[in-house]
There are 2 protein chains.
Amino acid sequence: MTDEAIGKYLSIARRAHASLLDKQLAEADISHGQILLLATLYQEDGICQQTLCQMYNLNKAAVGRGLNKLSKIGFITKEIDPEDKRKKLIYLTSKARDFEAEFREILEASEEKLRSGLSEEEIATFLTVIKKICSNLGANVENQEG
Amino acid sequence: MTDEAIGKYLSIARRAHASLLDKQLAEADISHGQILLLATLYQEDGICQQTLCQMYNLNKAAVGRGLNKLSKIGFITKEIDPEDKRKKLIYLTSKARDFEAEFREILEASEEKLRSGLSEEEIATFLTVIKKICSNLGANVENQEG
DNA sequence: TGAATATAGTTGATAAGTCAACTATCTCTT
DNA sequence: AAGAGATAGTTGACTTATCAACTATATTCA
């Protein structure tokens, strides 16, 4: 089990973080599965689902269902790409835009909590290592800024 | 989103790792949800479910269901603790014992894959940081050896 | 002793993710 | 142009996990 340590802590840390996010976003009717999607759309909307899959190494079914939840709370619309009718382009609604500042605050607060007591150097190494782990596992995460 | 980096990579790495483990353990009818439980029982069985909850900050329903799966494939039995009839003590079967060596090999191989290309020092820092993150998140992971 | 409370485990509802099968559209090759 | 194969998205079945409600047993304390 000593040998299993990295996998073990990935599991524990991920669950704990997801729980925290769920609590902090419960009022907004958002849960952790929608966070990466929404955060990405705040940076750039009008993208298609496949793009989101690639950015996070997420299954297309997971992306489709996550977006459906955002759609149900009126945060996004899907429009068929006129240039390729297989694709659906995802656009944020004004309701989503109104939530952006609050969303950022919540995310920043949770990231602060995660990082508390850690030095800049430790965090930098951690990020380098976890990216390498992702790539070792075949999760070719799109590098949108480092 | 730069600020969200740690949470993002925790999610990506954990999913990728779980997928890998599922593939490697599929033949044995085991999936990633049973790994921490089984690995712990190989170290020490005759413990109760609550102990497993505490070690991994896992919900008791999750532990109960994970153990039910191990029970279905004939890997464990549950016996009521004669000293406290609320508790059920979990024991490995001989079928589980027969699988131990193979299980260890699979786990070690997956951990090797995770770690490839990383220095001892990077891994040490990574483990220190992720443990700190767990504790920042309130996941008070029991320290069974470091 | 007996009532209130705490603890161990189970069950039901729900969320998030995987895989595989499916539809629809597009592209490539001949 | 037509058919084969690739790509985008949806749906169904399944796994892991959460929370809340429940049962059963233990403990505490009045």
Side-chain angles (χ1 to χ4, degrees), chain A residues 7 10-23 25-26 29-38 47-54 56-73 76 78-90 137-139, chain B residues 10-26 29-38 47-54 56-73 76 78-90 137-139:
Chain A
L10 282 177
S11 152
I12 295 169
R14 168 56 180 163
R15 271 187 287 108
H17 189 226
S19 261
L20 173 68
L21 292 169
D22 280 347
K23 273 164 207 150
L25 286 161
D29 262 319
I30 288 171
S31 42
H32 67 272
Q34 288 98 63
I35 290 177
L36 288 177
L37 304 176
L38 188 52
I47 60 180
C48 70
Q49 303 185 194
Q50 197 55 42
T51 303
L52 290 162
C53 292
Q54 283 156 8
Y56 303 114
N57 196 44
L58 263 170
N59 191 279
K60 57 190 177 173
V63 168
R65 285 169 178 145
L67 291 173
N68 286 345
K69 298 212 166 172
L70 288 174
S71 178
K72 262 179 206 150
I73 60 168
I76 62 157
K78 297 181 180 183
E79 295 179 20
I80 290 173
D81 183 345
E83 291 180 4
D84 183 343
K85 286 171 197 158
R86 292 170 305 181
K87 294 188 185 172
K88 297 185 181 174
L89 306 180
I90 313 301
L137 292 170
Chain B
L10 282 178
S11 152
I12 294 169
R14 168 56 180 162
R15 272 188 287 109
H17 188 226
S19 259
L20 173 68
L21 292 170
D22 280 346
K23 273 163 207 153
Q24 292 179 325
L25 286 161
D29 263 319
I30 289 172
S31 42
H32 67 272
Q34 288 98 64
I35 291 176
L36 288 177
L37 305 177
L38 188 52
I47 60 179
C48 70
Q49 303 186 194
Q50 198 54 42
T51 303
L52 291 162
C53 292
Q54 282 156 9
Y56 303 114
N57 196 43
L58 264 170
N59 190 280
K60 57 189 177 175
V63 167
R65 286 169 177 144
L67 291 173
N68 285 345
K69 298 216 166 172
L70 288 174
S71 177
K72 263 180 206 150
I73 61 169
I76 61 156
K78 296 182 181 184
E79 294 178 22
I80 291 173
D81 184 345
E83 291 180 4
D84 184 342
K85 287 172 195 157
R86 294 171 302 181
K87 294 188 186 173
K88 297 185 181 173
L89 306 180
I90 313 302
L137 291 169

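The chains referred to below are lettered A, B, ... by the order of the sequence lines, with proteins before strands, and numbering in each begins at 1. Values in this document were obtained by computation on a predicted structure and should not be read as measured data.
Two residues are said to be in side-chain contact when any heavy atoms from C-beta on lie closer than 4.5 Å; A:Leu37 and A:Ile76 fail this criterion. A:Asp81 has its side chain out of reach of A:Cys48: every pair of non-hydrogen atoms, C-beta onward, lies at least 4.5 Å apart. Within the 4.5 Å cutoff, side-chain heavy atoms of B:Arg15 are placed close to those of A:Leu58. Annotation: side chain of B:Asp29 is not in contact with side chain of B:Lys72 (no heavy-atom distance under 4.5 Å). In this structure the side chain of A:Lys78 reaches within 4.5 angstrom of the side chain of A:Asn68, judged on heavy atoms.
Nearest heavy atom pair, residue A:Ala16 against residue B:Asn57, reads CB-ND2, 4.4 Å.
Computed from coordinates, the B:Arg86 CZ to C:dT5 P distance equals 16 Å when rounded to whole Å. Look at CG on A:Leu67: it is 16 Å from P on C:dA15, rounded to the nearest Å. Atom C1' of nucleotide D:dT27 and atom CG of B:Asp81 are separated by 16 Å, given to the nearest angstrom. Taking atom CG of residue A:Leu21 and atom C1' of nucleotide C:dA15, one finds them 14 Å apart after rounding to whole Å. Between A:Asp29 atom CG and C:dA15 atom P the separation is 10 Å, expressed in whole Å. Here C:dA16 presents its P atom at 12 Å from CG of A:Asn68, a figure rounded to the nearest Å. One can place CD of B:Glu79 at 14 Å from P of C:dG9, the figure rounded to the nearest angstrom. Put simply, NZ on B:Lys87 is 11 Å from P on C:dT7, counting in whole angstrom units.
Side-chain N/O atoms of A:Gln49 include one lying less than 4.0 angstrom from OP1 or OP2 on D:dT10. Phosphate contact (OP1/OP2 of C:dA8, side-chain N/O of B:Lys78, threshold under 4.0 Å): absent. One finds no side-chain N or O of A:Lys85 lying less than 4.0 angstrom from the OP1 or OP2 phosphate oxygen of C:dT23.
Within 4.0 Å of A:Cys48, counting heavy atoms only, lie sugar-phosphate atoms of the nucleic acid but no base atom.
Expressed to the nearest 0.5 Å, how far CG of B:Leu67 lies from CG of B:Leu38 amounts to 10.0 Å.
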Annotated protein contacts, base or backbone, on nucleotides 16-22 of chain D with a non-hydrogen cut-off under 4.0 Å, one of B, S, - each: SSBB---
